[in-house]
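Chain naming here is simple, since letters A, B, ... match the order of the sequence lines and numbering starts at 1 in each.
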Amino acid sequence: MYNSFIIKSDTALSVQNTIFSGQSFLWNTCQCNCVYFSSIIDGVPLFIRQISDFEFEVNADVKEINSTLLSVVIRDYFMLDIAVENVFPEEFSRFYPELWQLLQKYFTLRILKQDPFETMISFMCAQGIGMHLIRQQVAMLTKTYGEKTTTYFEGRNIDLYNFPTPLRLAEADPFVMCRCTNNNRARAANIILASRNVAEGRIDFEHLRNREIPLSELRIILSQQSGIGFKIADCIALFSLGRLDAFPIDTHVKQYLRKWFGSTTALRSLSPATYLALDAEARSFLNPELAGYAGHILFHCWRMEVKKMRSF
DNA sequence: CCCCAGGCTTTTC
DNA sequence: GAAAAGCATGGG
């Protein structure tokens with residue numbers, strides 16, 4: 001029932017978890033051929049594993065989707081047309097030779113192009129808490145409100161949950177949802193309100209995909225939503241709207257801007273003004289059009305090499 | 001006990 | 001305006 005397809009890339013690949021969904025699981029870098037990556041893309045359950053530095057094996061129900069279309073979907077999902085080794089400016093290696101060496105093993109990292117609504121809700125759960133709590137929240141949201149798909153693959157039953165629709169979350173009881181949001185009532189209320197705004201068209205992600213919209217304007221539009229600031233707005237732009245120029249600044253980014261690039265601005269508290277100042281600084285030594293992609297490589301490298309976080 | 005974790009909102013100076 | 005407090009929980 002499941003057929004497998006090989007998706008090839010002209011550059012080496014690895015995936016870092018850019019999402020916290022209950023459907024999507026982490027691949028660390030340099031862990032080929034051992035971890036499955038299961039997801040639901042366009043409503044179709046997929047099982048993916050890396051079989052070499054350059055190839056993914058994708059398993060999907062062929063009755064649901066044909067292989068040619070699947071190949072296109074996967075290419076888009078992993079953004080295989082982006083050559084990761086070119087995201088840093090030419091002179092970067094000369095200015096930061098030690099850092100450049102440290103970064104080498106992270107150039108296989110891929111950013112996934114994810115669903116905007118799922119990305120918005122997931123990052124709304126990611127405020128000032130650890131990764132495991134973030135993943136727990138999103139997993140509970142999908143399990144409580146998502147549609148269950150049970151599928152048999154390689155000898156066992158696997159339950160996957162579609163990420164809940166905007167309408168489903170819009171109609172949720174805040175007291176019930178509260179259990180999914182780390183008991184944070186304000187967060188649950190914000191998620192319900194944001195879901196309602198998406199369901200009723202006041203937030204239109206298809207419109208926001210328009211590349212003509214300047215990043216600064218996109219950031220303003222999204223951050224008008226209660227519970228979304230500049231950082232989450234940039235995350236939505238980078239991870240789901242194809243805006244590789246968006247450069248989300250969180251506590252880790254602030255730390256490496258201080259340590260690796262000597263930013264004194266990074267000593268100040270992360271107010272909106274500080275955020276914009278750091279954003280401008282980062283663009284001065286990164287390629288502005290791909291600042292977010294470069295930033296994500298730096299982010300991952302910082303957490304692994306300096307903070308010594310061994311998992312997510 | 002402390003501080004920190006993929007922040008944002010509200011309050012206070 | 002720019003800091004601090006409050007939100008919530010878990011781990012070091």
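- Residue A:T251 has a polar side-chain atom (N or O) positioned under 4.0 Å from OP1 or OP2 of B:dA5.
- Taking atom CZ on A:R135 and atom C1' on B:dA5, their separation rounds to 15 Å, with Å as the unit.
- The side chain of A:R268 approaches C:dA3 more closely than any other nucleotide in the set B:dG6, C:dA3, C:dT9.
- Atom CE of A:M124 is separated from atom C1' of B:dG7 by 11 Å (rounded to the nearest Å).
- Separating the C1' atom of C:dA8 from that of B:dC4 is a span of 14 Å, rounded to the nearest Å.
- Contacts of A:R187 with the nucleic acid, taken as non-hydrogen atoms under 4.0 Å apart, are absent.
- In the set B:dG6, C:dG10, C:dA2, the nucleotide with an atom closest to the side chain of A:H132 is C:dG10.
- Counting non-hydrogen atoms under 4.0 angstrom, A:K307 reaches the backbone sugars and phosphates but no base.
- No more than 12 heavy-atom neighbours from other residues, nucleotides or ligands sit within 6.0 angstrom of CZ on A:R179.
- Atom CZ of A:F230 and atom C1' of B:dT9 are 14 Å apart (whole Å).
- If you measure from atom CE of A:M131 to atom C1' of C:dG10, you get 15 Å, rounded to the nearest angstrom.
- Put simply, the side chain of A:L141 reaches to within 4.5 Å of the side chain of A:C125, judged on heavy atoms.
- For A:R110 (side chain) and A:F78 (main-chain N/O), a donor-acceptor pair under 3.5 Å exists by modelled atom type.
- Counting non-hydrogen atoms under 4.0 angstrom, A:G227 reaches the backbone sugars and phosphates but no base.
- Across C:dA3, B:dG6, B:dA5, the shortest atom-to-atom separation from the side chain of A:D250 is found for B:dG6.
- The phosphate of B:dA5 (OP1 or OP2) has a side-chain N or O of A:Q255 nearer than 4.0 angstrom.
- Mapped onto DNA chain B by nearest heavy atom, A:I129 and A:I232 fall at different nucleotides, with A:I129 at the one closer to the 5' end.
- Taking the six-membered ring where the residue is Trp, A:H252 and A:F299 present perpendicular rings, their angle passing 60° and hence far from 30°.
- A stacked arrangement is not assigned to A:F123 and the six-membered base ring of B:dG6, the conditions of a centre distance below 5.5 Å and an interplanar angle below 30° not being jointly met.
- Residues A:F117 and A:F205 form a side-chain contact, since some pair of their non-hydrogen atoms from C-beta on lies under 4.5 Å apart.
- Contact annotation: A:S269 does not reach the phosphate of C:dA2 (side-chain N/O to OP1 or OP2, under 4.0 Å).
- Distances were taken from every side-chain heavy atom of A:N184 (C-beta onward) to each of C:dA8, C:dA3, B:dA5; the shortest belongs to C:dA8.
- The side chain of A:S226 approaches B:dT9 more closely than any other nucleotide in the set B:dT9, B:dG7, C:dA8.
- With C:dA2, B:dG6, C:dA8 as the candidates, the nucleotide lying closest to the side chain of A:M309 is B:dG6.
- Position along DNA chain B of the nearest nucleotide to A:L133 versus A:N190 favours A:L133 as the more 5'-ward residue.
- The interatomic distance linking A:H252 (NE2) with B:dC3 (C1') rounds to 14 Å, in whole Å.
- Side-chain contact between A:R202 and A:R196 is present, with heavy atoms from C-beta onward closer than 4.5 Å.
- Within the 4.0 angstrom heavy-atom criterion, no nucleotide atom of any strand lies near A:T181.
- Across the protein-nucleic acid pair, A:Q127 atom CD and C:dA8 atom C1' stand 11 Å apart, rounded to whole Å.
- For A:I297 and B:dG6, the CD1 to P distance is 19 Å, given to the nearest whole Å.
- The same atom, P, is picked in C:dA2 and in B:dG6; the two are 27 Å apart, to the nearest Å.
- Counting only heavy atoms from C-beta on, A:A126 has its side chain closest to B:dG6 among B:dG6, B:dA5, C:dT9.
- A:Q137 comes within 4.0 angstrom of no nucleic acid atom, judged by non-hydrogen atoms across all strands.
- Summarising the geometry, the separation between CG on A:L193 and C1' on B:dT9 is reported as 14 Å, rounded to the nearest angstrom.
- Between A:A194 and A:Q225, the closest heavy-atom pair is CA-OE1, 3.4 Å.
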